[in-house]
Amino acid sequence: MKATAKAHANIALIKYWGKREAAENLPAVGSISLTLKELFTTTAVRFDPGADRDTLVLNGTPADSAQTLRISRFLDLVRKRTGLDSRAAVKSENNFPTGAGLASSASSFAALALAATQAAGINLTLQELSILARQGSGSAARSVFGGFVEMKTAERSEDAFAFQIAEPDYWDLRLLVAVTSAEPKKTGSTEGMNRTAATSPYYRQWVETGPADLQEMREAIRNRDFEKLGELAEYSCLKMHGLALSARPGILYWNGATVEVLQAVREWRRSGIPVYFTIDAGPQVKAICPAGYAENLHKKLSGLPGVQQVRIASPGPAAHLVENQ
Ligand code: DP6
């Protein structure tokens, strides 16, 4: 009745933004990501026949009712599937800021999907786990897998899952996370993408051009073409943020330091360092480079005004169990 699982955050190189169907959480576009070894969530689930409600302790503190409800709805999916009726006590720890655009929902729901199904006594395949995790958060479908991962868009829930494109050791890249604010963001990704889909005049083009971006990124990964990967990652990131800006009211995830980091990354690139940026639904900037440049870029990024902390991450593994009692 108890299990603990660990899942790693992932960073989208080709972004997911927008749902084709909200109830099942079906993404409107496919996406490609890299799972990160150094950023992870550890989640323990214990089903307790004596408990009258689900509880969530997040980073040592009881979670608010909205967060608990989201977890509870997710656990309902597991209960429905297994016939189990008990409520659960969930304890989850992130080793990085929560809700600040560092993909905490991805690692959280991937870890929860694995821990909850194991605690309920069922063994799902990775594909089944990915489908389940997706129903908690779209990006979580990708954190079930390690290395380079693609998430499909599909019309039916059973077809909307992620799969691995390449193992973690396929390509020795580094991703440096420059934290410019650890505050939780004001507009969560679910709300942000739903508003974008409902109001942006460019949303249709975003959906229509998605498959071509995926195709190019698959090729860049297949050929280990770093310039191509970096150029596409920046393109997809700016396209997504430009799209969010065109919502009504517009959604701006960046702060001043975010922009300073983007300018610096492009300046360093002009000076010959192979480095590109990407940004998720928050103000942190992620710089991507071949492993050999990571230490130097760590120093450079740490020296920029407004950068509070820089973490170096490398390609990471699939979600896995930590213990099962
Ligand atoms: C900008 O997976 O958090 O990080 O499915 O509504 O939970 P929901 O959204 P979520 O969105 C992630 C958006 C993104 C891009 C990405 O990870 O692909």
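Residue indices begin at 1 and follow the sequence shown. Order of listing sets the numbers, starting from 1, for every ligand and every atom in it.
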Task: Nitrogen or oxygen of Lys19 less than 3.5 angstrom from that of ligand 1 - done: yes
TODO: Could you tell me which non-hydrogen atom of Ala319 sits nearest to which non-hydrogen atom of Ala7, and how far apart they are?
DONE: CB-CB, 3.9 Å
TODO: Using a strict cut-off of 4.0 Å, indicate which atoms of ligand 1 neighbour a heavy atom of Ala281.
DONE: 1 (C)
Task: Reference residue Leu13; test side-chain contact (heavy atoms from CB on, under 4.5 Å); the match among Ile288, Asp213, Leu173, Val149 - done: Ile288
- [ ] Can you sort out which atoms of ligand 1 are near Met193, meaning under 4.0 Å from one of its heavy atoms?
- [x] 9 (O), 11 (O)
Task: Side chain, backbone, both or neither: the part of Arg70 lying under 4.0 Å from ligand 1 by heavy atom - done: side chain
Open item on the list: As an exercise, identify every atom of ligand 1 less than 4.0 angstrom from a heavy atom of Thr190.
Closed with: 6 (O), 7 (O), 8 (P)
Task: side-chain hydrogen bond (donor to acceptor under 3.5 Å, both in side chains) between Thr41 and Asn94, worked out - done: CA-CA 4 Å; Thr41 302; Asn94 293 325; 2.6 Å; yes
Task: Min N/O separation Gly138 to ligand 1 under 3.5 Å - done: yes
TODO: Could you walk me through whether Phe145 and Phe163 pass ring-ring contact (aromatic ring centres under 6.0 Å, His included), step by step?
DONE: CA-CA 7 Å; Phe145 297 91; Phe163 54 95; 7.9 Å; no
Task: Side-chain donor-acceptor contact under 3.5 Å, Thr278 with Lys15 - done: yes
Open item on the list: Test your reading of the structure: does Arg142 have an N or O sitting under 3.5 Å from an N or O of ligand 1?
Closed with: yes
Open item on the list: Please evaluate residues Glu234 and Arg266 with respect to the criterion salt bridge (charged side-chain N to carboxylate O under 4.0 Å, His left out), reporting the C-alpha separation (whole Å), side-chain torsions for both, the decisive distance (0.1 Å), and the verdict.
Closed with: CA-CA 10 Å; Glu234 276 196 16; Arg266 288 193 158 173; 2.9 Å; yes
Open item on the list: Which heavy atom of Ile279 sits nearest to which heavy atom of Cys237, and what is that distance?
Closed with: N-SG, 3.3 Å
Open item on the list: Side chain, backbone, both or neither: which applies to Ser189 and ligand 1 if a contact is any heavy-atom pair less than 4.0 Å apart?
Closed with: side chain
Open item on the list: Please check if the number of heavy atoms outside Tyr170 that lie under 6.0 Å from its OH is greater than 12.
Closed with: yes
TODO: Enumerate the atoms of ligand 1 whose separation from the nearest heavy atom of Ser139 is less than 4.0 angstrom.
DONE: 2 (O), 3 (O), 10 (P), 17 (O)
Open item on the list: If the cut-off is 4.0 Å to any non-hydrogen atom of Ala12, which atoms of ligand 1 fall inside it?
Closed with: 16 (C), 17 (O), 18 (O)
TODO: Can you sort out which atoms of ligand 1 are near Ser105, meaning under 4.0 Å from one of its heavy atoms?
DONE: 3 (O)
TODO: Find all atoms of ligand 1 within a distance of less than 4.0 Å from any non-hydrogen atom belonging to Asn25, and give their numbers and elements.
DONE: 5 (O)
Open item on the list: Both conditions, 6.0 Å and 45 degrees, for the charged tip of Arg134 above the ring of Phe161: are they met here?
Closed with: no
- [ ] List every atom of ligand 1 that sits less than 4.0 Å from any heavy atom of Met240, numbering the atoms from 1 in the order shown and giving each element.
- [x] 1 (C)
Task: From Tyr16, Trp17, Tyr253 - option closest to atom 18 (O) of ligand 1 by heavy atom - done: Tyr16
